[in-house]
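Down below is the structure, laid out as C-alpha cells.
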Amino acid sequence: MDEKFLKPYDPGATEVRVYNEWEKSGYFNPDTLPDADVKESFTVVLPPPNVTGVLHLGHAYEDSLQDSIIRFNRMRGKAALWIPGTDSAAIATQARVEKNIQKEEGKSRHDLGREELVRRVGEFAKESEETILSQVRRMGASLDWSRYAYTLDDTRNKAVFTAFKRMYDAGLIYRGNRIVNWDPKGQTTISDDEIVHEERTATLYTFKYSKDFPIPVATTRLETKVGDVAVAVHPDDARYKEFVGKTYDVVFCDVPLSIRIVADTEVDPEFGTGALGVTPAHSQIDWDIATRHDLPKDRIVINEYAKMTAQGRVSGLKVGDAREAVAQWLREEGLLLAEESISQNVSTAERTGGIIEPLPKLQWFVGVDTPFVIPYSEIPGIKSGDTVTLKEVMRAAVESGAVSMPQENFKKIYQHWITNLHDWCISRQIWFGHRIPVWYRGTEVVCQEEAPEGDGWTQDCDVLDTWFSSSLWTFSTLGWPEQTEDLKKFHPTSFMSPAYEILPLWVSRMILMSGFHLGQAPFKTVMIHGLVRDAKGRKFSKSLGNGIDPIEMIDKYGADALRMGLLAGAAVGSDIRFDESKVKGYKNFANKLWNIARYVLTETEGVDSTTPLTKADTALRSELNAILEDVAGDYENYRIHLAAEKMYHYAWHRLADEIIEDSKTVLAGEDIEATTSRKALLHGLLADVLLGLHPCMPFVTEEIWGSLKPNAPFLMISQWPPSSSVE
RNA sequence: GGGCGGUUAGCUCAGUUGGUAGAGCAUCUCAUUGACGUUGAGAGGGUCACAGGUUCGAAUCCUGUAUCGCCCACCA
C-alpha cells in the first residue's frame, strides 16, 4: 500500500496533480475517448463568465453542477463535450476599465480615444481571462480546452457578422427612430432587461396649460410638458367628450404649444384627472398615442445629458430643476391645481444607477413580431418554409418540448416573458465589443464586414449588445457559420444550466438565435439553478463585503469538499445558502473515504477477482447495485443533491460503519471461503462507491481509484454500470 | 399592476407517482489506544404557516388566508 494512506488525505498535494494527469490524457476532448466515433454525444457549453474580474461562488456552483453532469454522462458511455469560453461583456467590461482609468489617471474615455480605450479594455480582458480560467481548472472542471472560445475571437466575430447580416437581409434587423432607454450617466442606450425599477415617492402635479384650457392634467414629469402636443382622454369619458378633436394654442412656461384633444382607449379615466398630457418624444406610451393619432413626434425638449433644450425659463436646466421651475411658474400663474405625493417606480440603469430618460433615437433593433419565411426548421410545430415571427419560434421551441424545462414554474415565467416582449434594441453607444457592420455614405447604407469600395464610407459607430454574441454561443462555439463536423455532431446541445436571473436575457435569446439561424433548439434541457447566497441568505455583493473567494475555500478544504458543499443539500433551482461548516464536513468525508481506502487496501492485498461471493456477501453486493441504479436515475434527472447525499450516506454509514465493522469479525475468523469472499466484496464495494461519487468528488475518488486499481484506466472514463471486477 | 415561488427539527435544507415525517450541522449521554478523533454507539427535538375541501389515507392534490421573497411592467 502506498505510504500516502498512512497520513490524512491532503487535497492540496493531490488535486492539481490529478487535474494535470486528466488534462494530459486528452479525455476532456470527446474525440479522443475510447470508441469516440460510435458514441452518442452529450454536449454542454459553459455559460461564459464575463472577463470583468475573478470567479465567485456562483461560478463555482455552476461549474460543479455542470461538471457533475458531464462526468456522469462520460461514465455512461457518451461522447461528453463541455466547451469552455469567456464573454467580453461589452458594457460591463468597458465600464470597469473606464472606472479604473478615471481613478488612476484621471482621464475619461474621450481623452484616450476609441482605439486606445479598446486596446486597454482588451488588455484587461486578457488578464482576467487567465485568472478565471485557472480558477475554473481548480474546481476540477472537465472542460475541453482545445475548443476554448472567446466572444471576440476570429471565429466568433465571423459568427456575429454572419448572424447580423442574415437577419438584416431577412428584414429582422432594422434601424429605426424609437423611444429607447437612454442612460444619461452611462451615455448609452440600454435594453429593457438592464433596467432596475426603484420605488420612490414623487409629486403628482395637477395643472392646466393655461387659464382657459378646459381639461386639467396630472403628471409627475412636469418639465416634459413643454414638449406636449396633445391631451389624451378616454373615448367614453363623458367629462371631456365635447372637447375631443379641438386644438388649443397656449403659451406654457414661455413656450408656445399647440395642444390637440384626442381620444385613446389606453388612457385610464380613473387615474389623476383622467387626462394625459402627450409628450411623444419623452415617453413610450405617448409616442404610441402620437403614432395612432398622427401627431408630431419630433418635439424634443430634453437632451442626452438630461438637460432641457426647450426655450424660455427652463432652458439648459437639469430635468429635476426644470420640474421645480415649471411648478413655480404654474404657482405664479395660478394654474397649479393640486400637488399630491405618490409612490412611483423609477427606471434606473442597472450598471450605472442613472435615471433612465426615454428618448427617441436612431437605433438598431431585432424585430420579434416581424414575419419572415424560415428556411429550415426542426422545431416541432414550425415547418421549413413557414411564415413565422421570432416570437412564435421562441414560443414553439418550449411549448413543443424541443427545449424541455422540467421545472414547470420557469416554463411559465418564460412564456409570460415572451408575451410581453418588445423589439430588442441591440445597439450600444460604447466602444468595446462587436462594431455594427453597417456602412453609410450619404443616403447609401450597406451591411458588410469591411468598408465598401470607394471613398467616403463611414462605419456605424455603435457596438452590439453583448447578449447578441452570447446568444449565438451554443453554435458559434462549434464553428458556425462553417458547417463543421462539430456542429453536426454536438448541436443541439444537451443541457444548459444558467441562473434564473438570465432566463430572459440569455436563455430565451439563445432560443431565438438558434431557431432563426439553424432551425433548431439550442439545447434539449434547461435546468435553471438558484443563486448562492451567504449564510444569512443575502446576495453576495461588493458593498456588503460578504464575498467569499472559492479559491480560498479550495485551499482550505479542497475542491471536492467545496463541490459537495454546493451540490448537496439543495435541489437545483432553489437558492443555496453557503455554509462554510458544511464544506468542512465534506472535507472530513473525503478523509473518511481515504481511511476506508486505507483499510480496504490493507485487508485486500492480492485479492482474487474471480472469487465467488458467499450468499451474505452477494446480498451486500446487490444492495449497492440497487443504490447505484437509483443514484444513476438521480443524476439522469438532475437530482444531483440526492445522488450526492445517497452516496455519502452509503459510504459513511453503511459501508464504513456497518459493513467494514462487520468485516473485522469475518476477516478474523477461520472460514477461508468467507474471508476470501469478503475481501473481494470490500474491494468491489469501494470501487463502486468511488464510481458513484466521482461526478461530485472527482479528485479524491480518482486518487483512491489509482491505488485500488493500478492497472485500470482513469475512473473518469470508467463505465457505469460497472463490471464489478477486481484488477 | 401582472406573474412565479417559499413557509417541514434550534439552524440549513431533503422529501421523485398521496401510504406511519428524513439528513447534515448544533445539543445531550456514553465509548476509546481499533482504517479514520476529520472517530464510534445512542438520545432528545416537528399540529409539515393557518383554515377549509377531495380521499380509506394529505407535508404531498384542490380552494382560500397570512407571511416572506423573486421576476416582469410604457399608469401618466
Considering only the C1' atoms, how many Å lie between B:C61 and B:U27, rounded to the nearest integer? 37 Å
State whether the distance check finds a donor on one side and an acceptor on the other, under 3.5 Å, for side chain A:Glu661 versus base B:A41.
no
*Quote, to the nearest angstrom, the C1' distance that separates B:C25 from B:A59.*
23 Å
Among side-chain atoms of A:Glu580 and A:Tyr557, is any donor-acceptor pair under 3.5 angstrom? yes
By nearest-nucleotide position on RNA chain B, the 5'-leaning member of A:Thr219 and A:Asn591 is A:Asn591
NA contact type, A:His282, heavy-atom cut-off 4.0 Å: base, sugar-phosphate, or nothing?
-> nothing
Next on the checklist: Using a strict threshold of under 4.0 Å (side-chain N to carboxylate O), is an ion pair present between A:Arg292 and A:Glu266?
Outcome noted: no
Just to be sure I understand the rule, does A:Asn637 reach a base, reach only the sugar-phosphate, or reach nothing, if contact means heavy atoms closer than 4.0 Å? nothing
Can you tell me, in whole Å, how much space there is between the P of B:A41 and that of B:G5?
42 Å
Practice problem: For side chain to side chain contact (heavy atoms under 4.5 Å, CB included), just list the numbers for A:Val229 and A:Lys297, CA-CA rounded to whole Å, side-chain angles, deciding distance to a tenth of an Å, and then say yes or no. | Solution: CA-CA 8 Å; A:Val229 297; A:Lys297 293 189 283 198; over 6 Å; no
Would you indicate, yes or no, if B:G22 has its OP1 or OP2 atom less than 4.0 angstrom from a side-chain nitrogen or oxygen of A:Lys646?
no
A:Tyr9 vs A:Trp594 aromatic rings, parallel, tilted or perpendicular, using cut-offs 30° and 60°? tilted
Writing each nucleotide of RNA chain B 5' to 3' as (, ), [, ], | or . by Watson-Crick or G-U pairing under 3.5 Å yields (((((((..((((.....[..)))).((((((....).))))).....(((((..]....))))))))))))....
Next on the checklist: Less than 4.5 Å apart, side chain to side chain, heavy atoms only: is that true for A:Thr279 and A:Thr219?
Outcome noted: no
Counting just side-chain N and O atoms, does A:Ser283 come under 4.0 Å of either OP1 or OP2 of B:C75? no
Please measure how far the P atom in B:U65 lies from the corresponding atom in B:C74, and state the result in whole Å.
28 Å
**Asked** Within less than 4.0 Å of OP1 or OP2 of B:U16, is there a side-chain N or O belonging to A:Arg639?
**Response** no
Looking for any heavy atom pair under 4.0 Å, which part of the strands does A:Ala656 touch: base, sugar-phosphate only, or nothing?
base
5'-most contact on RNA chain B (nearest-nucleotide basis), A:Arg533 vs A:Gly277, goes to A:Arg533
**Study point:** Distance test, side-chain N/O of A:Trp417 to OP1/OP2 of B:C4, below 4.0 Å
**Key:** no
Among the nucleotides B:A14, B:A76, B:G24, whichever has the atom closest to the side chain of A:Tyr648 is B:G24
For atom C1', what is the distance between B:U17 and B:G64, given to the nearest Å? 27 Å
I'd like to know if A:Lys582 reaches the base of B:C25 with its side chain such that a donor and an acceptor end up less than 3.5 angstrom apart. no
Exercise. Verify the ring-centre separation between A:Tyr648 and A:Phe589: is it less than 6.0 angstrom?
Key: yes
B:U8 to B:G46 separation - P atoms, rounded to the nearest Å
14 Å
Taking atom P in both B:G10 and B:G2, compute the distance separating them and give it to the nearest angstrom. 37 Å
Among the nucleotides B:U39, B:C36, B:C74, whichever has the atom closest to the side chain of A:Arg598 is B:C36
- Just call it for A:Ile660: base, sugar-phosphate, or nothing, with non-hydrogen atoms closer than 4.0 Å on any strand. base
Q: Determine the interatomic distance between C1' on B:G19 and the same-named atom on B:C4; round to the nearest Å.
A: 31 Å
Quick note, A:Leu642 side chain, CB onward, closest among B:U39, B:A35, B:A14 is B:A14
So what does A:Lys664 touch, heavy atoms closer than 4.0 Å: a base, only the sugar-phosphate, or nothing? base
message = Heavy atoms only, 4.0 Å cut-off, all strands: where does A:Ser574 land among base, sugar-phosphate and nothing?
response = sugar-phosphate
Exercise. Checking all strands, does A:Asp268 fall into the base, sugar-phosphate, or nothing category for heavy-atom contacts under 4.0 angstrom?
Worked result: base
Can you tell whether the side chains of A:Asp10 and A:Lys4 come within less than 4.0 Å, N to carboxylate O?
no
Looking across every strand, which nucleic acid part, if any, lies under 4.0 Å from A:His422 by heavy atom: base, sugar-phosphate, or nothing?
base
*asked:* Within the 4.0 Å heavy-atom criterion, would you say A:Glu270 contacts the bases, only the backbone, or no part of the nucleic acid?
replied: nothing
Measuring centre to centre across the rings, with the benzene-like ring taken for any Trp, is A:Phe578 within less than 6.0 Å of A:Tyr61?
no
Note to self: Quick check on B:G24: is either OP1 or OP2 less than 4.0 Å from any side-chain nitrogen or oxygen of A:His649?
What the structure shows: no
- Query: Which of parallel (below 30°), tilted (30 to 60°) and perpendicular (above 60°) describes A:His649 and A:His653?
  - Reply: tilted
